[in-house]
Amino acid sequence: MNWSDADIASAAKLWTEGHSATVIGKRFKATRNAILGLAHRNRALFPERTKRSLTTVTAQVQRSVPRPAGQQRLKSVNVPALRKARAASVEARPSVPMVPPVTPESPRWAEGSETGARSDLSRFRLADVEPRPFLSLGRDQCRFPLVAFEAASGPDMPCCGAATDLLKSYCAAHRDVMAGRV
DNA sequence: CCCTGATTCGC
DNA sequence: GCGAATCAGG
């Protein structure tokens, strides 16, 4: 298709009137892609209709950057897809309260602690809840670390594990501890 | 799925 | 310059 100035002006008029690229394409026996390409090359006559997000633009720029032979584009470049995958993964993560919720009014603390030191958080272990390794915790299990403050780290760190409210990090009793109410 | 527009790149 | 292919997104 050879686009004359008259064609372009006429297509641009339809575009500014709000017709879609598909509709305009039919007028000219052309595909919508032809119209979109035409619009892109004559942006001054075809006002932009959609603002693209910064993440989208970034992804496109990165996609257009030549890569060394054999090197695959990083999946993480596709930001919206990544966002969707993350959301799906959170959704799929099972909610597994292993123990009944602990009410703030009635926590029963276990006797003693590893060291007796004030900084030893194991003194906040709940009597009725078996500590669990940090890495084993489900979505709605208390992540309160039951170790000496300085030693808090690692996937095997024992944590409270009691049921939490939806998406909360701590059970009610340990939320009170964190807030200085205990 | 349907649809929309935007961009890239081989022709 | 053209527009198919492919992108993001409503």
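Worth knowing before you read on, the calculation uses all heavy atoms, side chains too, and leaves out hydrogens, waters and symmetry mates. Every chain is numbered from 1, with letters handed out A, B, ... down the list of sequences.
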To the nearest 0.5 Å, what is the distance between CG on A/Leu121 and SG on A/Cys160? 12.0 Å
Starting at the 5' end of DNA chain C and moving along, which residue's nearest nucleotide shows up first, A/Arg32 or A/Met1? A/Met1
Just how far, in rounded Å, is [atom2] of [N] from [atom1] of [X]?
{"X": "A/Ile24", "N": "B/dA6", "atom1": "CD1", "atom2": "P", "result": "11 Å"}
{"X": "A/Asn42", "N": "C/dC2", "atom1": "CG", "atom2": "C1'", "result": "11 Å"}
{"X": "A/Glu48", "N": "B/dT4", "atom1": "CD", "atom2": "P", "result": "18 Å"}
{"X": "A/Leu38", "N": "B/dT8", "atom1": "CG", "atom2": "P", "result": "17 Å"}
{"X": "A/Asn2", "N": "C/dG1", "atom1": "CG", "atom2": "P", "result": "12 Å"}
{"X": "A/Leu45", "N": "C/dG1", "atom1": "CG", "atom2": "P", "result": "14 Å"}
{"X": "A/Ile8", "N": "C/dC2", "atom1": "CD1", "atom2": "C1'", "result": "11 Å"}
{"X": "A/Ile35", "N": "C/dA4", "atom1": "CD1", "atom2": "P", "result": "11 Å"}

Does A/Arg49 qualify as a cation-pi partner of A/Trp15, given the criterion of NZ or CZ under 6.0 Å from the six-membered ring centre and within 45 degrees of its axis? yes
Geometric cation-pi criterion, A/Arg143 with A/Tyr170: 6.0 Å, 45°: no
Checking B/dT7, C/dA4, C/dG1 against the side chain of A/Thr31 (C-beta onward), the nearest is C/dA4
When you get a sec, tell me which of C/dA4, B/dT7, B/dG5 is the closest nucleotide to the side chain of A/Asn33? C/dA4
N or O in side chain of [X] less than 4.0 angstrom from [N] OP1/OP2:
{"X": "A/Thr22", "N": "B/dT4", "value": "yes"}
{"X": "A/His40", "N": "B/dA6", "value": "no"}
{"X": "A/Trp3", "N": "C/dG3", "value": "yes"}
{"X": "A/Ser20", "N": "B/dT4", "value": "yes"}
{"X": "A/Arg41", "N": "C/dC2", "value": "yes"}

Aromatic rings A/Trp109 and A/His174: how do their planes relate, parallel, tilted or perpendicular, breaks at 30° and 60°? tilted
Quiz question: by atom type and distance under 3.5 Å, do the side chains of A/Ser10 and A/Asp7 form a donor-acceptor pair? no
